[in-house]
Amino acid sequence: MQEVTATSRHYVDRLFDPDPQKVLQGVIDMKNAVIGNNKQKANLIVLGAVPRLLYLLQQGSSSSELRAECAVVLGSLAMGTENNIKSLVDCHIIPALLQGRLLVFHRSQRTQEYITQIFSHCCKTPEHQTVLFNHGAIQNIAPLLISPSYKVRMQALKCFSVLAYENTQVSMTLVNVLVDEELLSQVFVRMMQRDQPIDMQLTAAKCLTYMCRAGAIRTDDSCIVLKALPCLVRMCSKERLLEERVEGAETLAYLMEPDVELQRIASVTDHLVAMLADYFKYPSSVSAITDIKRLDHDLKHAHELRQAAFKLYASLGSNDEDIRKKITETENMMDRIVSGLSESSVKVRLAAVRCLHSLSRSVQQLRTSFHDHAVWKPLMKLLQNAPDEVLVMASSTLCNLLLEFSPSKEPILESGVIELLCSLTQSDSPALRVNGIWALMNMAFQADQKVKGEIVRALGTEQLFRLLSDPDSNVLMKTLGLLRNLLSTRPHIDQVMSSHGKQIMQAVTLILEGEHSIEVKEQTLCILANIADGNTAKELIMTNDDILQKIKYYMAHSNVKLQLAATFCISNLIWNEEDGSQERQDKLRELGFVDILHKLTQASDPNLCDRAKTAMQQYLA
């Protein structure tokens, strides 16, 4: 270590030599020392080389050769580790390079190339994007897109792709930028033409994709539908290099993720669904690769192709039934997904389970291919010990496999899944809590008493009530959904309420009193309506004046959904054919419920009006 530091110090000292020739030679030697050597890069940064290099780069008296060499060294430092990049940003390299419109003054294309390379490498976070944006990077870099040098154009393009990624502020600005009187999006479109180098086509397509996803370009704009999307599909063909196919597929997946129209267009462009099947067969022993080095590289990276294909299938199939059918009918597709679930690479496992989740949104697929391939088995195995992001996707998929029309529901129930789901509800991650409780909710839907009993036992009342006061409203909604499903059919209602009635009524009271959304309160009133439908459970409402007052309050609420749900509770309490209905009717009349029902028969909402009339008839019968 001593030695390295000593030589590093020697490099830095030479930057301060009074003889410009020696300084130049020092920078050139430094360049040769840092290329591909992260340790040396780190040492030079620690010893303060960056501010000195920046100073030399900005000095009007420095020769253009010296400035170019300084830019090369800084560019090389920016290619280092995350820590190196952080140190460069901390040295205020971005404002320093953008100050005084440095880029425009440096006629040297080599300097421009390396400075833009520094920007694209130093832009790793939204904060970095903001620093670049605030220091005028867009205005400074845009003219470089029409530089005579291909390398400069390419680096400028890369800069825009990292600046625009998931950044609405940057993307909205880029839409209005003119380069030599031409809109930036049109410059990008020109760069995607088939006669341009592949790297340029792909990066230009990424720029448009990111601008589109950030909301700056509409998904039906011709530069997306007719240019960017077909360009990205072309990148997926087997003529392309492995990394081009990976990047093309991942970018295309990202572009159309939220938009069903783009998914439909892509699915019928150039036989994309079939083209992706080739991603799983490469490289094979018969690949026509003569270059041994290339073959070796591609064998090491073949898993990236599988990951990209799964991602793209997931995106393609996220909404449209016909596309999902097309995907599952692609050769050995389900087998490929199943083997993807147990690959050693976490990224492949995650992409495979994303793909499975996308397909599991289809009733048709749940009934056919999912059942035929017993997909639930590898899925359960995946749930045993996986990183959180895999768990979230796998548990979401499990929720769909537990829907009542899914043939996998029975075997999953028998495999002892309840404990696993209950443990998810205790996770620190809200997404995992939601999925755990959601799956239990699906499981309890129209289930027999045995299954419901197991759920209540495994979850435990303490945990159930903890979830009813969860700060995440999605968790609360799904827990109410579970409770509603547990409290369906009379014997079940009476059974659950006889053992947990006091706590359930307490929880209901708290929610109806609290600051909750209309959806949450409606769901809670529906639970009360279920309790009101029990034989013995009814009494828990009838003997609770506080709850009766709350029902009354919601019958007169300004929101029709809440009025409907509250009126339903009363309807169930006064229903004629049941024991004790006369006493209940009398008590509720005394409390003023008949007057409210009478008012509601004049309601403007037809459903509310009907429900009130039906309830009134119980009094007349």
Side-chain angles (χ1 to χ4, degrees), residues 161-162 164-166 171 192 198 201-215 217 219-220 223-225 227-238 240-280 282 301-320 322-324 326-328 330 333 336-337 340-341 343 345-362 389-390 392-393 396-397:
S161 77
V162 294
Y165 181 65
E166 300 207 329
S171 297
M192 288 188 298
I198 294 298
Q201 291 185 42
L202 188 48
T203 313
K206 276 166 82 170
C207 290
L208 288 168
T209 293
Y210 298 160
M211 288 163 73
C212 178
R213 281 297 308 264
I217 300 178
T219 50
D220 57 3
C223 73
I224 298 294
V225 178
K227 301 292 180 188
L229 186 142
C231 171
L232 289 168
V233 172
R234 287 201 300 277
M235 296 301 145
C236 299
S237 82
K238 55 171 151 208
R240 303 268 59 86
L241 291 173
L242 177 135
E243 46 273 38
E244 293 161 357
R245 293 168 77 186
V246 168
E247 217 172 320
E250 293 197 334
T251 308
L252 181 54
Y254 181 67
L255 171 64
M256 61 188 183
E257 200 175 6
D259 191 272
V260 66
E261 261 324 295
L262 289 180
Q263 291 156 15
R264 289 184 180 131
I265 295 165
S267 72
V268 294
T269 305
D270 294 354
H271 308 291
L272 178 62
V273 176
M275 192 150 62
L276 284 177
D278 287 332
Y279 276 44
F280 296 94
Y282 177 88
H301 293 272
H303 66 276
E304 291 175 19
L305 274 176
R306 295 193 290 279
Q307 175 198 336
F310 283 139
K311 271 190 187 168
L312 186 42
Y313 276 138
S315 188
L316 272 169
S318 54
N319 293 293
D320 187 286
D322 296 336
I323 301 176
R324 291 185 192 127
K326 211 170 180 179
I327 293 171
T328 46
T330 307
M333 194 56 215
R336 289 201 174 114
I337 296 177
L341 293 175
E343 273 204 39
S345 153
V346 173
K347 287 184 168 170
V348 177
R349 290 206 298 275
L350 179 59
V353 78
R354 269 175 72 173
C355 183
L356 196 62
H357 177 245
S358 189
L359 298 171
S360 74
R361 291 176 169 162
S362 153
E389 48 181 354
V390 175
V392 169
M393 269 298 149
S396 288
T397 310

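- The minimum heavy-atom distance between Ser171 and Ala214, with the atom names listed, is OG-CB, 3.4 Å.
- Listed here is the closest heavy atom pair of Val233 and Thr269: CG1-O, 3.9 Å.
- With rounding to the nearest 0.5 Å, the separation of CE in Met393 from OG in Ser358 is 9.0 Å.
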Could you go through the side chain to side chain contact (heavy atoms under 4.5 Å, CB included) check for Val348 and Leu341 one step at a time? CA-CA 8 Å; Val348 177; Leu341 293 175; over 6 Å; no
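- With hydrogens and angles ignored, the 3.5 Å screen pairs no side-chain donor or acceptor of Arg306 with any backbone N or O of Phe280.
- Leu241 is linked by a side chain to side chain contact (heavy atoms under 4.5 Å, CB included) to Glu243, Glu244, Arg294, counting only residues two or more places apart in sequence or in another chain.
- The residue from Arg324, Gln263, His357, Arg361 that alone fulfils the side-chain hydrogen bond (donor to acceptor under 3.5 Å, both in side chains) condition with Ser318 is Gln263.
- Interatomic distance, Ile217 CD1 to Thr209 OG1, rounded to the nearest 0.5 Å: 9.0 Å.
- More than 12 heavy atoms of other residues, nucleotides or ligands shown are found within 6.0 angstrom of NE2 on His301.
- Leu356 contributes atom CG, which lies 5.0 Å from atom OG1 of Thr397 (distance to the nearest 0.5 angstrom).
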Atom pairs and distances, donor-acceptor, side-chain atoms in residues 245-258, under 3.5 Å, two or more places apart:
unit_1	atom_1	unit_2	atom_2	d
Glu247	OE2	Lys206	NZ	2.4
Glu250	OE2	Gln307	NE2	3.3
Glu250	OE2	Lys311	NZ	3.2
Thr251	OG1	Glu247	O	2.7
Tyr254	OH	Glu166	OE2	3.1
Glu257	OE1	Arg213	NH1	3.2

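- Here the closest non-hydrogen pair linking Ala277 and Thr330 is CB-CG2, 3.8 Å.
- We find the CD1-CD1 distance between Ile265 and Ile224 to be 11.0 Å, quoted to the nearest 0.5 Å.
- With sequence neighbours left out, His303 forms a ring pair (Phe, Tyr, Trp, His ring centres under 6.0 Å) with no residue at all.
- Shown here for Leu312 and Cys236, the closest heavy-atom pair between the two residues is CD2-SG, 4.2 Å.
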Please determine whether side chain to side chain contact (heavy atoms under 4.5 Å, CB included) holds for the pair Leu359 and Met333, giving the CA-CA distance in whole Å, both sets of side-chain angles, and the decisive distance to 0.1 Å. CA-CA 11 Å; Leu359 298 171; Met333 194 56 215; 5.6 Å; no
Go through Ile198 and Arg240 one step at a time and tell me if the side chain to side chain contact (heavy atoms under 4.5 Å, CB included) criterion holds. CA-CA 9 Å; Ile198 294 298; Arg240 303 268 59 86; 3.5 Å; yes
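- Judged purely by atom type and a 3.5 angstrom limit, Lys326 uses its side chain to pair as donor or acceptor with the backbone of Ser267.
- Partners of Arg264 under the side chain to side chain donor-acceptor pair (under 3.5 Å) rule, at least two apart in sequence or in another chain, are Glu261, Asp320.
- Remark: Asp278 pairs with Lys238, Lys281 by the salt bridge (charged side-chain N to carboxylate O under 4.0 Å, His left out) rule, at least two apart or across chains.
- Between Val353 and Val390, the shortest heavy-atom distance links the atoms CG1-O, 4.3 Å.
- Here the SG atom belonging to Cys212 is positioned 10.0 Å from the CG atom belonging to Leu229, to the nearest 0.5 angstrom.
- Partners of Tyr313 according to the ring pair (Phe, Tyr, Trp, His ring centres under 6.0 Å) rule, which considers only residues two or more places apart in sequence or in another chain, do not exist here.
- Expressed to the nearest 0.5 Å, how far CZ of Phe310 lies from NZ of Lys347 amounts to 16.0 Å.
- Of all non-hydrogen atoms in Leu305 and Tyr279, the two that sit nearest each other are O-CD2, 3.2 Å.
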